[in-house]
Amino acid sequence: RINQQAGIQPVPVSRETLYLLSLAQKYAKETKGTFDVTAGAMSELWRNAIRSAKLPSQADIAYTRAHCNIEKLELDKDHSTAFLREQGMKLDLGGLVKGYAADVARSMLKAQNIQEAQINFGGTIAVMGKGQKIGIQNPFQKTGTSMASILLKNKAIVTSGSYERCFFHQGRRFHHIIDPRTGKPSSSGLISVSLIGDQAVELDALATGICCLGREEGLSIAGRYGLSAIFVTDNGSVQVTENLQGQISFDA
């Protein structure tokens, strides 16, 4: 409904939706706009491109870039409304809601006095209770092939990567993680980002943004938030933050 009323009028939303959109604004700022929920038109354009294996036109890319601007998402907390100020803008919360859902599921289990669990939403995992061994996907191998494992206890881990959905055009690989600043697939040099922390929703948003920002700025963000991180570059080199040294074991 927010998308349908873009450029027309504010839309009444639930407190939960308002909360998620507030988080989206916060993480857009933290990632210099590389995580931007107003990039819905851009995401849709590249989803269709991957589905059809056809490169979008420069005009379509330019149009979606022009209709992506987190500053034009207005939230009225007093009246609980959300408004996209410009017609053609679209929200896409895909980089946020899986982590949020994992956090909510964990809260529901705790409310039922569940002491031990693993919530696995594919790329987003939350662990409760005793330590559990979690595998890190090898981005250069088929799904389910790990490159390393880590013991997690009462933490969440989120992996964002450009290795799953893609197509090739004239020998070049085009993937699904789109940098809102360019309107094109990210070219930061990172193929996979795994973040470990307390809140899956935070990890979800930041991992997406870091995929576009690159390793150096990613390390800076991880440090500010007190997160552990595993970065894999396009050429296969792996970097692990100091707080993971000795906790991660790499497969032979």
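Along the sequence shown, the residues carry numbers beginning at 1.
- Under a 3.5 Å cut-off, the side chain of Asp179 and the backbone N or O of Ser186 do not form any donor-acceptor pair.
- Taking each heavy atom of Ile8 and Phe83 in turn, the nearest pair found is N-CE1, 3.6 Å.
- Ser188 places a side-chain N or O within 3.5 Å of a backbone atom of Cys211 that can act as its donor or acceptor partner.
- For Gln247 (side chain) and Asn243 (main-chain N/O), a donor-acceptor pair under 3.5 Å exists by modelled atom type.
- Here Asp103 does not pair with Lys98 in a salt bridge; the nearest charged N to carboxylate O distance is not below 4.0 Å.
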Report the C-alpha separation of Asp60 and Ser57 in whole Å, then their side-chain angles, then the decisive distance to 0.1 Å, and conclude whether the side-chain hydrogen bond (donor to acceptor under 3.5 Å, both in side chains) test is met.
CA-CA 5 Å; Asp60 284 342; Ser57 70; 3.3 Å; yes
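- Note that CD1 of Ile157 and CG of Asn120 are 10.5 Å apart. Values are rounded to the nearest 0.5 Å.
- Side-chain contact between Leu219 and Gln239 is present, with at least one heavy-atom pair separated by less than 4.5 Å.
- Note that CD of Gln25 is 9.5 Å distant from CD of Glu74, once rounded to the nearest 0.5 Å.
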Would you sort out whether Leu203 and Ile196 count as a side chain to side chain contact (heavy atoms under 4.5 Å, CB included), showing the intermediate values?
CA-CA 7 Å; Leu203 306 178; Ile196 299 163; 5.6 Å; no
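- Heavy atoms of other residues, nucleotides or ligands lying less than 6.0 angstrom from CZ of Arg224 number more than 12.
- Between Thr182 and Ile61, the shortest heavy-atom distance links the atoms O-CG2, 4.1 Å.
- Asn69 and Thr38 are not linked by any side-chain donor-acceptor pair at a separation below 3.5 angstrom, with hydrogens and angles left out of the test.
- Proximity of Thr34 to Arg181: side-chain heavy atoms (C-beta onward) are separated by under 4.5 Å at one or more points.
- Without hydrogens or angle criteria, Ser194 side chain to Ala229 main chain gives no donor-acceptor distance under 3.5 Å.
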Distance-only donor-acceptor pairs under 3.5 Å for side chains of residues 132-141, two or more places apart:
unit_1: Gln132; atom_1: OE1; unit_2: Gln118; atom_2: NE2; d: 2.9
unit_1: Gln132; atom_1: NE2; unit_2: Ala117; atom_2: O; d: 3.1
unit_1: Gln137; atom_1: OE1; unit_2: Gly144; atom_2: N; d: 2.8
unit_1: Gln137; atom_1: NE2; unit_2: Gln141; atom_2: O; d: 3.3
unit_1: Gln137; atom_1: NE2; unit_2: Lys142; atom_2: O; d: 3.0
unit_1: Gln137; atom_1: NE2; unit_2: Thr145; atom_2: O; d: 3.4
unit_1: Asn138; atom_1: OD1; unit_2: Phe140; atom_2: N; d: 2.9

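- At distances below 3.5 Å, at least one donor-acceptor pair connects side-chain atoms of Asn154 with backbone N or O atoms of Gly129.
- Taking every heavy atom of both residues into account, Cys212 and Ile177 meet most closely at SG-CG2, 3.9 Å.
- Counting only heavy atoms from C-beta outward, the side chains of Leu206 and Thr31 approach each other to under 4.5 Å.
- Heavy-atom minimum distance, Ile125 versus Val127: CG2-CG2, 4.1 Å.
- When every heavy atom of Leu91 is checked against every heavy atom of Asn3, the shortest pair comes out as N-OD1, 2.6 Å.
- Although no hydrogens or angles enter the test, the distance criterion places no donor-acceptor pair under 3.5 Å between the side chain of Trp46 and the main chain of Leu55.
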As a quick check of understanding, evaluate side chain to side chain contact (heavy atoms under 4.5 Å, CB included) for Leu73 and Ile70, giving each step before the final call.
CA-CA 5 Å; Leu73 169 61; Ile70 194 72; 4.1 Å; yes
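- Rounding to the nearest 0.5 angstrom, the gap separating the NZ atom in Lys77 from the CG atom in Leu21 is 10.0 Å.
- For the residue pair Ser228 / Thr241, no side-chain donor-acceptor distance below 3.5 Å is found, with atom types taken as modelled.
- Closest approach of Val158 and Ala207 over heavy atoms only: CG1-CB, 4.4 Å.
- The pair Glu217-Lys32 meets the salt-bridge criterion, with a side-chain N (NZ, NE, NH1 or NH2) lying under 4.0 Å from an Asp/Glu carboxylate O.
- If you run side chain to side chain contact (heavy atoms under 4.5 Å, CB included) between Met42 and each of Lys184, Arg65, His67, only Arg65 comes through.
- Other residues, nucleotides and ligands place no more than 12 heavy atoms under 6.0 Å from the CD atom of Gln112.
- Counting only heavy atoms from C-beta outward, the side chains of Leu151 and Ile248 never approach each other to under 4.5 Å.
- Ser237 meets the side chain to side chain contact (heavy atoms under 4.5 Å, CB included) test with Arg215, Thr233, Asn235; sequence neighbours excluded.
- Counting only residues at least two apart or in different chains, ring pair (Phe, Tyr, Trp, His ring centres under 6.0 Å) contacts with residues 10-37 are absent.
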